[in-house]
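Quick note on labels: first sequence line is chain A, next is B, and so on, each numbered from 1. Predicted model only: the values in this text are computed from it and were never measured. Atoms considered below: every heavy atom in the structure, side chains included; atoms not considered: hydrogens, waters and symmetry mates.
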2 protein chains.
Amino acid sequence: MSNIRKVAELAGVSVATVSRTLKSPDIVSPRTRARVLAAVSEADYKPNLMAVQFRSRRTRNLVVLVPTISNTFFARVIGGIQQAAQQQGYSVLLCNTLGREDAERGYASMVTTRQADGVIQLRAYNPFAADAYADTALPMVNACEVLDSPPCPTVKLDNRAAARTLTEHLIDLGHRRIGMIKGPRRSPLTRDRVAGYCDALEAAGIALDERLLCPGDFTPHSGFNAAGMLLACDGRPSAIFCESDEMAIGAIKRVKQAGLSVPGDISVAGFDDITFASFSDPPLTTIAQPAEAFGRQAVSLLIDTLEGRCESPRHVILPFELVVRGSTGSKP
Amino acid sequence: MSNIRKVAELAGVSVATVSRTLKSPDIVSPRTRARVLAAVSEADYKPNLMAVQFRSRRTRNLVVLVPTISNTFFARVIGGIQQAAQQQGYSVLLCNTLGREDAERGYASMVTTRQADGVIQLRAYNPFAADAYADTALPMVNACEVLDSPPCPTVKLDNRAAARTLTEHLIDLGHRRIGMIKGPRRSPLTRDRVAGYCDALEAAGIALDERLLCPGDFTPHSGFNAAGMLLACDGRPSAIFCESDEMAIGAIKRVKQAGLSVPGDISVAGFDDITFASFSDPPLTTIAQPAEAFGRQAVSLLIDTLEGRCESPRHVILPFELVVRGSTGSKP
DNA sequence: TTGTAAGCGTTATCAC
DNA sequence: GTGATAACGCTTACAA
């Protein structure tokens, strides 16, 4: 493998001149520059980034922690992250954590061991040891999910308003008993969405029935199971609001399996607007989020933090949109 | 940030001793070891991996190039990769290429610039410059898709046999006009599967009708469109074999939209057995692949290549399984 | 404008 | 068993 020394020999200059030619071509004389560039291409020289990074003490790598990459919503967020990172000269190291905290910690430690400069988290969990960054800014940004503590820059949806909007849509269709398939209990995101759901009920004068709130884990299977619970419950709901499209797809399967029709007997709504939402039968009513924008904003926030430019807003709220398709209809 | 020198001072030993204590604890005296370890924890010392990698000239990072991470089949392959890599002390840098060759090249160049040791490709494309590794083994392994040239270790399915099995299943159900929604034309994977489809037709004495072969790009949308072509074709098929579950889900939507039932009027089969396959309505008949095994095998093959242990098999063929669900039925 | 040389943090090779 | 030191490939004062 050719290194800078070989190129220097080949061009008959010092290694410093080679380095300068490549970093700031305008400060070397045209003649030298030409000779060096010729030598570079003759030797097919590629700077050893391991050495460059080692010397400059930064990697320009960003770690992205994703709970499940096989969700098209997250995939779109990641697309936005990769695009923005590339534009700003950063690489992305993607980690599919599958919710395993040890995996998250392992990847986050790439920052403490200097393999990456910062972390973008798509889940509410702090992968760093409690006291590691007590004095300095945590090199981390949260997107999609919010993190209560420690405080770090965040880009999120107004989940409470979105959940309220979706619930109001169901109420407008005449539904009074509306089930909700939530995310995991301790998730701040779920907390906000449940609050929005409650807001809508209260505004419509509908009493909250705790039995209509079932927890899930965002997978189709959990949606399927939770829908089974709701169907079995005494005074079953005529509509179900799922906190993710994947759970909604599972819920629809369960409802059909019970011999009921969607939305004829029961309306089902989702959240995220994944690709399969419009291929579901019936197509899903859902909340669309600007996924790519999540990614781009997260990258900006993180790079601002890393490079000490913190005048930018620390919290970004992105807009949502209610997408009405065929899975919701008037109360029978 | 604390470095090895600080720890050495703190423990009153040389940096060499600190390094030895951490790398091979048994060659330092118990007393020294205890002192050093105390200093390590007091200073909260973490070795700077950038320096370690620089010195050892290996990163123990593997780049994984995935066409679309939002496919649950690929997500499972990646799960297998991450698990195997971690066991062998490697980290995974995941790249969602979205089919963009510049992105693939960009990530593959992490190998030439020494940011990673090797590449696992889940697509048939050589991201390295033509002549870069003329003499030495390409630090790359192909999984799922095969690559015709240059030759590199591969882990794949017997796609021809799998396609033949699936086609025979449809023939056994009485179908004679069987449409096929293929992948991109130039894909070796598609070539093999089309060959298996032809094998089955030929064995059953059914003439090949080129009009029943429609290309797609593995997305639900392309399946939807291709199914539209097949429905419009003169002498429309009574069964459609899709080269991916995602396309099958799109095809089912299109068939239903035409007022036809699946499998009542038209049977539809997929390939991959993604999560949504069993949540589709009707649930998909498909070919299940041992996704995690693909990942694990690819990692073994790559690490064998990187570490010069090449006695292991260069090509691994994994088994498939026909999963019959509700989307295929007897010819009406 | 160019060359010399120090230094980034670690590990390996020598001595002792 | 331990310490001094060179080396990895690059960048950047500083000197010429």
Side-chain angles (χ1 to χ4, degrees), chain A residues 1-40 43-61 89 109-117, chain B residues 1-40 42-61 89 91 109-117:
Chain A
M1 286 285 177
S2 71
N3 58 24
I4 203 171
R5 202 132 33 197
K6 286 210 193 115
V7 176
E9 277 174 37
L10 220 56
V13 297
S14 73
V15 293
T17 300
V18 176
S19 175
R20 278 190 284 255
T21 307
L22 295 171
K23 272 219 63 172
S24 26
D26 36 323
I27 69 167
V28 303
S29 80
R31 282 193 61 231
T32 323
R33 195 191 315 150
R35 270 216 314 254
V36 170
L37 292 179
V40 163
D44 189 30
Y45 169 68
K46 303 263 184 298
N48 180 333
L49 284 196
M50 248 155 76
V52 173
Q53 293 175 355
F54 169 52
R55 178 113 202 344
S56 64
R57 294 196 204 67
R58 25 189 327 222
T59 59
R60 300 186 79 85
N61 287 160
S109 74
M110 294 183 78
V111 174
T112 41
T113 60
R114 264 52 76 77
Q115 303 226 80
D117 298 342
Chain B
M1 286 285 177
S2 72
N3 59 24
I4 202 171
R5 201 131 33 197
K6 286 211 194 111
V7 176
E9 278 173 37
L10 219 57
V13 298
S14 72
V15 292
T17 300
V18 176
S19 177
R20 277 190 285 253
T21 308
L22 296 171
K23 272 217 64 170
S24 27
D26 35 324
I27 67 167
V28 302
S29 80
R31 281 194 62 231
T32 321
R33 195 190 315 152
R35 270 217 314 254
V36 170
L37 292 178
V40 162
E42 185 185 337
D44 190 29
Y45 169 69
K46 303 262 185 298
N48 180 333
L49 282 196
M50 250 153 75
V52 173
Q53 294 173 355
F54 169 53
R55 178 98 196 3
S56 65
R57 292 193 204 66
R58 26 188 330 224
T59 59
R60 300 187 79 85
N61 287 159
S91 295
S109 75
M110 294 182 79
V111 174
T112 41
T113 59
R114 264 49 79 77
Q115 304 224 79
D117 299 341

inquiry  = Using modelled atom types and a 3.5 Å cut-off, is there a donor and acceptor pairing between side-chain atoms of B:Ser2 and backbone atoms of B:Ala43?
reply    = yes
task = Using whole Å, report how far CZ of B:Arg33 lies from P of D:dG1.
result = 10 Å
task = Check the distance between C:dC8's P and B:Leu49's CG and give it to me in whole angstrom.
result = 19 Å
query = For A:Gln53 and B:Gln53, what are the C-alpha separation, side-chain angles and deciding distance, and is it a side-chain hydrogen bond (donor to acceptor under 3.5 Å, both in side chains)?
reply = CA-CA 11 Å; A:Gln53 293 175 355; B:Gln53 294 173 355; over 6 Å; no
inquiry  = Output the rounded distance in Å from CE (A:Met50) to P (C:dT11).
reply    = 13 Å
key: Whole angstrom value for the distance that separates P of C:dT1 from CZ of A:Arg35   = 15 Å
ask   = Can you tell if the side chain of A:Met110 reaches within under 4.5 Å of the side chain of A:Asn61, non-hydrogen atoms only?
value = no
task = Sorted by first residue and then second, give each salt bridge (Lys or Arg N to Asp or Glu O under 4.0 Å) pair with at least one member in residues 25-36 of chain A; sequence neighbours left out.
result = none
remark   = Heavy-atom contacts, protein to nucleotides 6-16 of chain D, under 4.0 Å, summarised as B (base), S (sugar-phosphate only) or - (none) per nt, yield -BBBBBBB---
key: Spacing of B:Ile27 atom CD1 relative to D:dG3 atom C1', expressed in whole Å   = 13 Å
key: Side-chain (A:Arg114) to main-chain (B:Asn48) donor-acceptor, under 3.5 angstrom   = no
Integer-rounded Å distance: C:dC8 P and B:Lys6 NZ = 11 Å
inquiry  = Test of understanding: with side chain to side chain donor-acceptor pair (under 3.5 Å), list the residues that count as partners of B:Arg58, not counting sequence neighbours.
reply    = B:Tyr90, B:Glu307
